[in-house]
There are 2 protein chains.
Amino acid sequence: MGVLKYAILGLLNRQKMTGYDISRACDTSLFEFWNAKHSQIYPELKSLTEAGLVEYEIEIAGNVLQKKLYSITPAGREAFHTWELTRHKPRGVPKDEFRLQLFFSDSIPSEQRLALLGAELEAHTERLAQLHDDLNKFDGIPPADDCAFCDYMVLLGAIKREEASCDWLETCIDLCRART
Amino acid sequence: MGVLKYAILGLLNRQKMTGYDISRACDTSLFEFWNAKHSQIYPELKSLTEAGLVEYEIEIAGNVLQKKLYSITPAGREAFHTWELTRHKPRGVPKDEFRLQLFFSDSIPSEQRLALLGAELEAHTERLAQLHDDLNKFDGIPPADDCAFCDYMVLLGAIKREEASCDWLETCIDLCRART
DNA sequence: TGTACCATGTAATGGGTTACATGATTCA
DNA sequence: TGAATCATGTAACCCATTACATGGTACA
């Protein structure tokens, strides 16, 4: 495993960044499919530096503040490229507390189950609306060799995922109502 | 957190089981939304026993083999029921190595990207076929108060999820072809 | 001058996987 | 009698989160 490593290398393959920038990227551009806290990123950058896959230069911001501006090394690019071309076996199905709850919901009254389903649907509907807003920021489909095109594809994936969740939850609600 | 605890309590709320049975259940009925290895389950059962939420009786199978047959206690039922009725905040988006890879795929040749997308589509298509087989085992929709109805709902969820994945991957493949 | 944000780290803890370790039962 | 499966556990390690800890910069 050790996928975080490649997330970082992939970002640095595009441009020089600080640990803080990488942390920001996890909260924004990578948000839909990866995440990491700064407490994980800084140690990882340290070990990548020791492994010779990245390097840094100190930059002074303002008067005193030292920023470490990281860049990828040729060895790092090589490692990233190998990973990028490899077909990785999917890890098991993601854990989902809501589905676990629903799986055991024959043990609670029907109205309570409907309440849980309704709340879940509301959350996904809201999330879907946000994603549609993000999609509307695109001015047409970017060209395929542009990294904006990748942004576009993963955003489409997030939208289809949320749509499927909403669709499923609506079906469940209908079924519960029809069969009670 | 500590959701595994409730997965176990939920199973024991239905029937008495051994640690091994619980382990099996994780690989089968819970597979679509939860999983745990036996090395995690046995210690958890120990701590649940210490907390008074479950208890066990020794059963002899064959001549010698001692099985621990666990059952839920009233306190355990209480704890499970509280969890079951609570609306839990969803943990962040699940990590997805493929999407990470796709996000960085502007760095590789177009044919390679299409190959990755094709392989991923194939895997999801196969998985979808399996799930449809599982659905066909149902003889109509079970009544809403039956635990088979819960099985049915989570299976529908798994199917919609896979359908969305296939749909998305097909869209990506089309887009890549159209814009190259 | 205060607040939001930029910037970097470590420590403790929890959750989870892999590997180690053992032995009984069932059925062909 | 051998293989698949049932059955229970521990140890080492890895990944990740929360909390601890510090301080500078930009801007209103």
Side-chain angles (χ1 to χ4, degrees), chain A residues 1-8 11 16-28 30-31 33-51 54 56-70 88-97 100, chain B residues 1-8 11 16-28 30-31 33-51 54 56-70 88-97 100:
Chain A
M1 309 291 156
V3 182
L4 174 60
K5 180 173 149 175
Y6 298 105
I8 292 174
L11 288 169
K16 294 183 178 185
M17 295 171 103
T18 66
Y20 188 82
D21 294 334
I22 291 168
S23 186
R24 287 302 87 199
C26 283
D27 297 339
T28 54
L30 304 192
F31 181 79
F33 45 89
W34 209 262
N35 66 75
K37 316 277 180 183
H38 75 276
S39 55
Q40 203 184 352
I41 291 165
Y42 288 116
E44 189 68 49
L45 281 168
K46 196 179 169 190
S47 93
L48 284 169
T49 305
E50 280 157 12
V54 306
Y56 65 85
E57 11 170 348
I58 303 280
E59 241 200 4
I60 306 293
N63 297 316
V64 198
L65 184 60
Q66 300 200 346
K67 298 204 286 188
K68 289 185 180 175
L69 196 60
Y70 284 89
H88 307 284
K89 56 169 171 288
R91 358 239 247 150
V93 180
K95 295 185 178 178
D96 185 329
E97 189 165 10
L100 182 65
Chain B
M1 311 289 154
V3 182
L4 173 60
K5 179 174 150 177
Y6 299 105
I8 293 175
L11 288 169
K16 295 183 179 186
M17 295 171 103
T18 67
Y20 188 83
D21 292 334
I22 292 169
S23 185
R24 287 301 89 200
C26 283
D27 297 339
T28 54
L30 305 192
F31 181 79
F33 44 88
W34 209 263
N35 66 75
K37 316 278 180 181
H38 75 275
S39 55
Q40 203 185 352
I41 291 165
Y42 288 115
E44 190 69 50
L45 280 169
K46 196 179 168 189
S47 92
L48 284 170
T49 306
E50 281 157 11
V54 306
Y56 64 86
E57 10 169 348
I58 302 280
E59 240 200 8
I60 305 292
N63 297 316
V64 198
L65 184 60
Q66 301 201 343
K67 297 205 286 188
K68 290 185 180 175
L69 196 60
Y70 284 90
H88 307 284
K89 55 168 171 287
R91 355 237 247 154
V93 180
K95 294 184 180 180
D96 185 329
E97 189 166 10
L100 182 66

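These numbers were taken from a predicted model, which means no experiment stands behind them.
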Which part of the nucleic acid, if any, lies within reach of Lys5(A) when heavy atoms closer than 4.0 Å are counted: base, sugar-phosphate only, or nothing? nothing
Of residues 59-66 of chain A, the positions that come close to DNA chain D - non-hydrogen atoms, cut-off under 4.0 Å: Ala61(A), Gly62(A), Asn63(A), Val64(A), Leu65(A)
Answer yes or no: is there a donor N or O on one side and an acceptor on the other, between the side chain of Thr49(A) and the main chain of Leu45(A), under 3.5 Å? yes
Return the value, rounded to whole Å, for the distance between atom OH of Tyr42(A) and atom P of dA19(D). 19 Å
Check Gly2(A) against Lys5(A) and note the closest heavy-atom contact, atom names and distance. O-CB, 3.2 Å
Lys95(B) or Tyr70(B), whichever maps to the more 5' nucleotide of DNA chain D: Tyr70(B)
Output all residues satisfying side-chain contact (heavy atoms from CB on, under 4.5 Å) with Pro94(B), sequence neighbours left out; order by chain, then residue number. Pro94(A), Arg161(A)
OP1 or OP2 of dA16(D) less than 4.0 angstrom from a side-chain nitrogen or oxygen of Asn35(A), does that happen here? no
Check side-chain contact (heavy atoms from CB on, under 4.5 Å) between Ser39(B) and all other residues, then give those that pass, not counting sequence neighbours. Lys37(B)
Between the base of dT18(D) and the side chain of Ser39(A), is there a donor-acceptor distance below 3.5 Å? yes
Going 5' to 3' on DNA chain C, which nucleotide is the first and which the last to come under 4.0 Å of a heavy atom in chain A? dC6(C) to dG16(C)
Trp34(B) versus Val3(B): any side-chain heavy-atom pair under 4.5 Å? yes
In chain order, what residues pass the side-chain contact (heavy atoms from CB on, under 4.5 Å) check against Thr18(A), with sequence neighbours excluded? Tyr20(A), Asp21(A), Lys67(A), Leu69(A)
Only counting residues at least two apart or in another chain, list the ones meeting side-chain contact (heavy atoms from CB on, under 4.5 Å) with Tyr6(B). Leu9(B), Trp83(B)
Send over the distance from Asp27(B) CG to dT5(D) C1', rounded to a whole Å. 13 Å
To the nearest Å, how far apart are Ile22(B) CD1 and dA7(D) P? 12 Å
Rounded distance (Å) that lies between atom P of dA4(D) and atom CZ of Arg24(B): 15 Å
How far does CG of Leu4(A) sit from SG of Cys26(A), to the nearest 0.5 angstrom? 7.0 Å
Protein-nucleotide distance (Tyr56(B), atom OH; dA7(D), atom C1'), rounded to Å: 14 Å
Across the strands shown, which category fits Lys37(A) at heavy-atom distances under 4.0 angstrom: base, sugar-phosphate, nothing? base
Report the distance from atom NE2 of His38(A) to atom C1' of dT17(D), rounded to the nearest whole Å. 11 Å
For DNA chain C, whose closest nucleotide is more 5', that of Asp21(A) or that of Gln40(A)? Asp21(A)
How long is the span from the CE atom in Met17(A) to the CG atom in Leu11(A), to the nearest 0.5 Å? 5.0 Å
